[in-house]
Novice: 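Questions regarding the structure given below will be posed in turn.
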Protein chains: 2
Amino acid sequence: MVVDGVAAGSGGADETVDRLFHALADTTRRDILRRCVRDELSVSRLAATYPMSFAAVQKHVTVLERAGLVTKQRRGREQLVRTDPDAVGRARQALDGLESAWRARVDRMSGLLADDDAEAGPDGNTRKGPDG
Amino acid sequence: MVVDGVAAGSGGADETVDRLFHALADTTRRDILRRCVRDELSVSRLAATYPMSFAAVQKHVTVLERAGLVTKQRRGREQLVRTDPDAVGRARQALDGLESAWRARVDRMSGLLADDDAEAGPDGNTRKGPDG
DNA sequence: CTATTGTACAACCAAATGGTTGTAGATGGA
DNA sequence: TCCATCTACAACCATTTGGTTGTACAATAG
């Protein structure tokens, strides 16, 4: 029961978005994403560039993988990490969900203004914000 | 340039993005954001709609505030919470940082294809995407 | 076969999260 | 004044995170 009807159908969607943003909420993980968009890098090669252990980087990659942001592919004994560009689009969509609500608000305000402030014309520049 | 990552001169930018995405990585907080874009709501009114204590919701609002996603404004004894629409744009910018790297990769691949697959013409309409 | 490299995974630990309750200070209304 | 409401904040607790180390196992080089 997620309160608002946002994701009433399948409760799993929230957790997906949770994992997505959580994975993005770490500097090291964002850096891994950037580097693995340009090149496929093995976990050990990634680990060599961060001031932490191999196991720690391995965990970061796991977090990214569970969020659907990267995929792993074996090549010999290496495991190549690659960023999934579509995942960035998924994150963007989640933001769009927020922005659409904002747009609805602007639309509602525009409706009020059209009624109250119609004489100002379409490029009505007058301050109408609530923060006076 | 940016790049909030390892090579950043002023390390403060990372933490800002960290806080931004961390604040977004929670279903309750995203719901608060959606509702406070449409209307300014007091903390107690918000708290009344979630299956948790007032103090818990208060903490969520604090997290959102520290991330710059909402602002609080006193009205009498109430504290009205409002989402800052620009903040969504900031999150989007952070995603753009990732996508620009992806674009660079595609550009580089296009260069290779132009050399290897030049007979396809400048149109280069053949599928060369990473999902192939 | 042996040694090295790359991964996987478990156990452990300090710190942060997300929740609770309780207490205290402002604000507004009777 | 007295009381109800709204907020702020501290203390506490269970769970998760982010890191460590150590061990085990597959793949490659010698």
Side-chain angles (χ1 to χ4, degrees), chain A residues 1-3 11-12 14-33 35-36 39-82, chain B residues 4-6 11 14-33 35-36 39-67 69-82:
Chain A
M1 55 197 58
V2 179
V3 194
D14 297 336
E15 295 167 8
T16 298
V17 181
D18 285 3
R19 266 177 293 209
L20 194 58
F21 283 123
H22 169 70
L24 291 169
D26 184 280
T27 302
T28 300
R29 287 196 288 265
R30 286 195 304 276
D31 196 70
I32 291 175
L33 280 180
R35 306 211 312 168
C36 292
D39 291 302
E40 287 182 325
L41 294 175
S42 69
V43 181
S44 61
R45 183 160 291 277
L46 280 170
T49 67
Y50 297 107
M52 65 186 74
S53 67
F54 170 82
V57 174
Q58 210 176 16
K59 285 188 181 181
H60 280 305
V61 171
T62 298
V63 170
L64 291 168
E65 193 180 17
R66 277 174 42 94
L69 283 162
V70 304
T71 55
K72 287 195 292 187
Q73 183 187 3
R74 270 223 190 87
R75 187 184 62 183
R77 62 186 162 188
E78 294 179 324
Q79 194 100 18
L80 298 182
V81 179
R82 199 180 81 190
Chain B
D4 67 346
V6 183
D14 303 339
E15 296 165 8
T16 298
V17 181
D18 285 3
R19 265 174 285 187
L20 192 59
F21 283 122
H22 169 70
L24 290 168
D26 184 280
T27 302
T28 300
R29 286 197 289 264
R30 286 195 304 274
D31 195 70
I32 291 175
L33 280 180
R35 306 212 312 168
C36 293
D39 292 302
E40 287 181 324
L41 295 175
S42 68
V43 181
S44 60
R45 182 160 293 275
L46 279 171
T49 67
Y50 297 108
M52 64 185 75
S53 68
F54 171 82
V57 175
Q58 210 176 16
K59 285 188 181 180
H60 281 306
V61 171
T62 298
V63 170
L64 289 168
E65 193 180 17
R66 277 173 42 93
L69 283 163
V70 304
T71 56
K72 287 194 293 187
Q73 183 187 2
R74 271 225 186 84
R75 187 184 62 183
R77 60 186 161 185
E78 294 179 325
Q79 193 101 22
L80 299 183
V81 180
R82 199 180 80 188

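Below, chains carry the letters A, B, ... as their sequence lines are ordered, and counting in each starts from 1. Computed from heavy atoms alone, side chains included, the values below leave out hydrogens, waters and symmetry copies. These numbers come from a predicted model, not from an experiment.
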Novice: Please produce a list of atom pairs where a protein N or O lies less than 3.5 Å from an N or O of nucleotides 27-30 of chain D.
Specialist:
{"residue": "D:dA27", "atom": "N3", "partner": "A:Arg77", "partner atom": "NH1", "Å": "3.3"}

Novice: Between A:Thr28 and B:Arg74, which residue's closest nucleotide on DNA chain D lies nearer the 5′ terminus?
Specialist: B:Arg74

Novice: Do you know the tightest heavy-atom contact between B:Phe21 and A:Leu24?
Specialist: CD1-O, 3.5 Å

Novice: Taking side chain to side chain contact (heavy atoms under 4.5 Å, CB included) as the test, write out the residues that go with A:Arg77, two or more places apart.
Specialist: none

Novice: Can you list the residues that meet the salt bridge (Lys or Arg N to Asp or Glu O under 4.0 Å) rule with B:Arg30, with sequence neighbours excluded?
Specialist: A:Asp18

Novice: Quick one: salt bridge (Lys or Arg N to Asp or Glu O under 4.0 Å) partners of B:Lys59, sequence neighbours excluded?
Specialist: none

Novice: Between A:His22 and B:Phe54, which is nearer to the 5' end of DNA chain D once each is assigned its nearest nucleotide?
Specialist: B:Phe54

Novice: Using five base pairs at each end to define the local axes, how bent is the helix from C:dC1-D:dG30 to C:dA30-D:dT1, to the nearest 10°?
Specialist: 20°

Novice: Going 5' to 3' along DNA chain C, which nucleotides are the first and last within contact of chain A (any atom under 4.0 Å from a heavy atom)?
Specialist: C:dT4 to C:dA11

Novice: Considering only heavy atoms from C-beta outward, does the side chain of A:Thr49 approach that of A:Arg35 to under 4.5 Å?
Specialist: yes

Novice: Counting only non-hydrogen atoms, which of residues 41-48 of chain A are less than 4.0 Å from DNA chain C?
Specialist: A:Ser42, A:Val43, A:Ser44

Novice: Name every residue in residues 57-70 of chain A that has at least one heavy atom under 4.0 Å from any atom of DNA chain D, in order of residue number, or write none if there are no such residues.
Specialist: A:Lys59, A:His60

Novice: Taking salt bridge (Lys or Arg N to Asp or Glu O under 4.0 Å) as the definition, give me every residue that meets it alongside A:Arg75, ordered by chain and number, with sequence neighbours left out.
Specialist: A:Glu78

Novice: If we only count heavy atoms from C-beta on, is the A:Thr28 to A:Met52 side-chain gap below 4.5 Å?
Specialist: yes

Novice: Work out which heavy atom in A:Val57 is nearest to a heavy atom in A:Val43; give both atom names and the distance.
Specialist: CG1-O, 4.3 Å

Novice: Rounded to the nearest Å, what distance is computed from the CD atom of residue B:Gln73 to the C1' atom of nucleotide D:dC6?
Specialist: 16 Å

Novice: A:Cys36 and side chain to side chain contact (heavy atoms under 4.5 Å, CB included): which partner among A:Leu80, A:Asp31, A:Leu41?
Specialist: A:Leu41

Novice: Of all residues at least two apart in sequence or in a different chain, which pass the salt bridge (Lys or Arg N to Asp or Glu O under 4.0 Å) check with A:Asp26?
Specialist: none

Novice: Can you tell me which residue pairs pass the salt bridge (Lys or Arg N to Asp or Glu O under 4.0 Å) test with a partner in residues 61-71 of chain A, sequence neighbours excluded?
Specialist: A:Glu65-A:Lys72

Novice: Quick one: CG on B:Leu46 to CD on B:Gln79, what's the gap to the nearest 0.5 Å?
Specialist: 12.0 Å

Novice: Looking at A:Arg19, I want to see if its CZ is surrounded by more than 12 non-hydrogen atoms of other residues, nucleotides or ligands under 6.0 Å.
Specialist: yes

Novice: Looking for any heavy atom pair under 4.0 Å, which part of the strands does B:Arg29 touch: base, sugar-phosphate only, or nothing?
Specialist: sugar-phosphate

Novice: Restricting to side chain to side chain contact (heavy atoms under 4.5 Å, CB included), what partner residues turn up for A:Leu64, sequence neighbours left out?
Specialist: A:Ala23, A:Arg29, A:Ile32, A:Leu33, A:Leu69, A:Val70

